[in-house]
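Encoded as structure tokens, the structure appears first; notes follow it.
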Amino acid sequence: MEMEKSNKPLSEQIADKIKEYIILNDLTSGDKIPPEKDLIVQMGVGRSTVREAIKYLVSRNVLEVRQGAGAFVTENVGMSDDPLGMEFIKDKKQLTYDLLEMRMIIEPQVAALAARHATDEDVAELEQLLMQVENKLLAHEEYLDDDILFHQKIAEMSKNMVIPKLTPFISQAVIAVTIDTKKKLVEETINMHREIFKGIKARDSMWAQEAMTLHLTYNRIFLRKMEEQE
């Protein structure tokens, strides 16, 4: 399949083609997209590009990957890059604080639920996402999509049917904080993600809840310090 000229990275162009495939073939929640080897042939690109495209669509709540089974259309397909209309809010600084405040209300309890209900498979997948974020942070590479997937996985591990529907909100909040802190929270992000993971792995709800609270609190304090220095 020939790619049109575009300023988008090739992986995002492939992601657009996969979305077109979903729409043209009337795929709905739970339907499986073609396997990786078929997409490589259909799209005329390498395996790494297809994998990046799928990861991009997972981070935007279009696909979900089931280990050993393939990629499937999500229950609530979120193709909008701005599902909550944040683009139209003028005061972006206050928006960032308000998003953090809402995360403080929701995510510590989500982490606690994840610790309570996590399966061994969940923990293994979360650890893989943890390492992906760390590796990219330490290599000074773009890590935002991986960070979003880390928090989305915790929401999924809660085993609450409603919480995963909040992932567009969580994703938007992660994006806002990452942009505002200008990626300066490398060490803190690594350490706090590890603590959250360890609490969940230990099936210790209080540990996971406190680690998530500390993570978000540190983000808020850092934002205040940056504001004072401006």
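Numbering of residues begins at 1 and proceeds along the displayed sequence.
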Less than 4.5 Å apart, side chain to side chain, heavy atoms only: is that true for [X] and [Y]?
X	Y	result
Leu57	Lys19	yes
Val123	Phe197	yes
Met212	Gln109	no
Leu39	Val45	no
Pro34	Gln42	yes

Face-on cation placement of Arg224 at Tyr97 ring, 6.0 Å and 45° thresholds: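 Yes, cation above the ring, under 6.0 Å and within 45°.
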
cation_pi(Arg66, Phe72) dist<6.0 Å, angle<=45: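 Verdict for Phe72: a cation-pi partner in Arg66.
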
Tell me the closest heavy-atom pair linking [X] and [Y], and the distance in Å.
X	Y	result
Asp146	Gln132	OD1-NE2, 2.9 Å
Val58	Gln152	O-OE1, 3.5 Å
Met192	Ala211	SD-O, 4.1 Å
Ala115	Gly199	CB-O, 3.9 Å
Val133	Asp147	CG2-N, 3.7 Å
Ala71	Leu63	CB-CD1, 4.4 Å

To the nearest 0.5 Å, how far apart are [atom1] in [X] and [atom2] in [Y]?
X	Y	atom1	atom2	result
Tyr143	Ile148	OH	CD1	10.5 Å
Leu149	Gln128	CG	CD	10.5 Å
Phe222	Thr217	CZ	OG1	15.0 Å
Glu107	Ser158	CD	OG	11.0 Å
Glu156	Leu126	CD	CG	10.0 Å
Glu125	Asp120	CD	CG	11.5 Å

Tell me if a side-chain donor or acceptor on [X] pairs with a main-chain N or O of [Y] at a distance below 3.5 Å.
X	Y	value
Arg203	Ala118	yes
Ser11	Ala53	no
Asn25	Tyr21	yes
Gln13	Lys8	yes
Thr213	Gln209	yes
Glu142	Leu144	yes
Asn191	Glu188	no

NZ/NE/NH1/NH2 to OD/OE distance under 4.0 Å, [X] and [Y]:
X	Y	answer
Lys201	Asp122	no
Asp38	Lys32	no
Arg220	Glu101	no

Criterion side chain to side chain contact (heavy atoms under 4.5 Å, CB included) on Ile190 and Leu138, from CA distance to verdict: CA-CA 9 Å; Ile190 290 174; Leu138 294 172; 3.7 Å; yes

Parallel, tilted or perpendicular: rings of His151 and His215 (30°, 60°):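 Rings of His215 and His151: parallel, as their planes differ by under 30°.
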
[X] with [Y], same ILVMFWY side-chain cluster at under 4.5 Å:
X	Y	value
Val110	Ile105	yes
Leu113	Met102	yes
Trp207	Ile154	no
Leu214	Ile200	no
Ile221	Leu216	no

Stepwise side chain to side chain contact (heavy atoms under 4.5 Å, CB included) check, His193 with Glu134: CA-CA 9 Å; His193 277 193; Glu134 285 194 17; 5.7 Å; no

Identified side chain to side chain donor-acceptor pair (under 3.5 Å) counterpart of Asp145 within the set Arg60, Lys136, Lys55: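 Exactly one pass, corresponding to Arg60.
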
Set of side chain to side chain donor-acceptor pair (under 3.5 Å) partners for Asp98, sequence neighbours left out: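 With neighbours one apart ignored, the set is Gln94.
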
CA sep, side-chain torsions, deciding dist, call: His140, Val186, side chain to side chain contact (heavy atoms under 4.5 Å, CB included): CA-CA 9 Å; His140 305 290; Val186 174; 5.6 Å; no

Derivation and outcome, side chain to side chain contact (heavy atoms under 4.5 Å, CB included), residues Leu95 and Leu99: CA-CA 6 Å; Leu95 173 61; Leu99 283 167; 4.0 Å; yes

